[in-house]
Amino acid sequence: MKKVLLFSLTVIIVSVLLSSCNQSSKNKEMVKKENFGVHKGKDVFLFTLKNKAGNVLKLTNFGARVTWIEVPDRAGNKENITFGYDTFEGMIKGDPYFGSVVGRYANRIAKGKFTLDGVEYSLPINNGANSLHGGPEGWHSVVWDAEVPSDSDFPTVKFTYKSPDMEAGYPGNMNVEATYTWNDNNEIVINYKCTTDKNTVINITNHAYFNLHGAGNGDILDHQVVINADRFVPVDSGLIPTGELRPVAGTPFDFTKPHTVGERINEKDEQLILGGGYDHTFILNSPRTVDASVYDAVSGRYMEVISDQPGVQFYTGNFLDGTQTGHGGKKYIYRSGLCLETGHYPDSPNQQDFPSTTLKAGETFTSQTIYRFSVK
Ligand code: BGC
């Protein structure tokens, strides 16, 4: 009897071990890792993630970027729908933000200054009079560490970076994680986690550009957009918030019902003129629901954005001018890509009435954003 019990126990243990082994090798099999380049002495890799649907997501640890999202159209034809470069050299020379994780503070901080606990901090100025996206050497421009976790059911890559105290002017040693999972529902699930040893500020996002016709295939003016936001954040000529939170009702900023990007973008609206188009944060009505969506009636591709963050920056590629040549030699022309960058509002450290972006020493910041792809 004892022997039988011992035997069954051994069988159970061995099969559990074997299945966990299969599990761990499963994620590794679904993620291919290749050398992509070397930057400042650190290896840069290209990760190719394939989900059960056979769709491909490519990531790199340079800036913890998304560089390729290949999803089918209504007829099943697959095409990459995000901006990026075929080579690391192209990436280094190209636009710094395509697909990157942006931090320590995504979007603008007025005049590159903020005060925390009575101390004034100065940040690099890289956008007119202001600091944009963590300065020129923000997290988009560094080589992150990367691991392929063994305990994931779906292709997953976890990027980590140790941002030293006073890097780009921000206080506190910060440990940051950005984990991408490409699940079988064609969702890119991005989980962020940050900790600090001194009080600091944090606003982290992903800066992917999307064109559902396929990246480099014309503009996005016919894309139908919905943003579940009753208010947005008006800006001044430097794209710094005025402090007002303005209702979208009756303005070209009302995307609570579907409108194409191009329908109202050239109206003589003060905010559209200041932004050169849409380049504004929308205040999400109920984060964690479908906060925004984009539909391309031509291809049938549909993208939904779900986040736990209070806002989303809707940017319509108004500064693109065709000088960037991306994947397959395609040019990224004026308004040929749109961004939906989830996060806090711009310049929050200087705006008392905005939700706080302070992260206290010893506390942990987490957030999640999902980009879900399907067809209609
Ligand atoms: C900003 C744009 C800026 C772009 C740079 C966006 O987040 O809102 O004003 O030009 O990033 O890629």
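Atoms within each ligand, like the ligands themselves, are counted from 1 in listed order.
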Atoms of ligand 1, numbered as shown, that sit under 4.0 Å from any heavy atom of Gln313
8 (O)
Which atoms from ligand 1 have a heavy atom of Glu341 less than 4.0 Å away?
6 (C), 7 (O)
For ligand 1, which part of Arg108 has a heavy atom less than 4.0 Å away: the side chain, the backbone, both, or neither?
side chain
Do the side chains of Cys339 and Gln313 get nearer than 4.5 Å, heavy atoms only?
no
Per-atom contacts, ligand 1 versus Tyr97 - under 4.0 Å to a heavy atom
5 (C), 12 (O)
Geometric N/O contact His133 with ligand 1, under 3.5 angstrom
yes
Can you see whether Asn183 engages Thr181 through a side-chain donor-acceptor pair at a distance of less than 3.5 angstrom?
no
Does a donor on one side chain sit under 3.5 Å from an acceptor on the other, for Asn35 and Asp43?
no
Side chain, backbone, both or neither: the part of Tyr209 lying under 4.0 Å from ligand 1 by heavy atom
side chain
For atom 1 (C) of ligand 1, the closest protein heavy atom turns out to be Asp279 OD1, 3.5 Å
Heavy-atom gap Phe314 to ligand 1 smaller than 4.0 Å:
no
Verify the ring-centre separation between Phe210 and Tyr371: is it less than 6.0 angstrom?
yes
Checking side-chain polar atoms at under 3.5 Å, does Gln324 have a donor or acceptor matched by the opposite partner on Tyr209?
no
N/O of His207 under 3.5 Å from N/O of ligand 1, yes or no?
yes
re atom 10 (O) of ligand 1, the protein heavy-atom contact at minimum distance is Phe319 CD1, 3.0 Å
Whether the Tyr180 and Asn206 side chains hold a donor-acceptor pair (N or O, under 3.5 Å, no angle test) is what I'd like checked.
yes
Counting both backbone and side chain atoms, is some N or O of Asn107 under 3.5 Å from an N or O of ligand 1?
no
Six-ring centre of Tyr85, Arg65 cation under 6.0 angstrom, axis tolerance 45°:
no
For this output row, return yes or no: ring centroids of Phe253 and Tyr278 closer than 6.0 angstrom.
yes
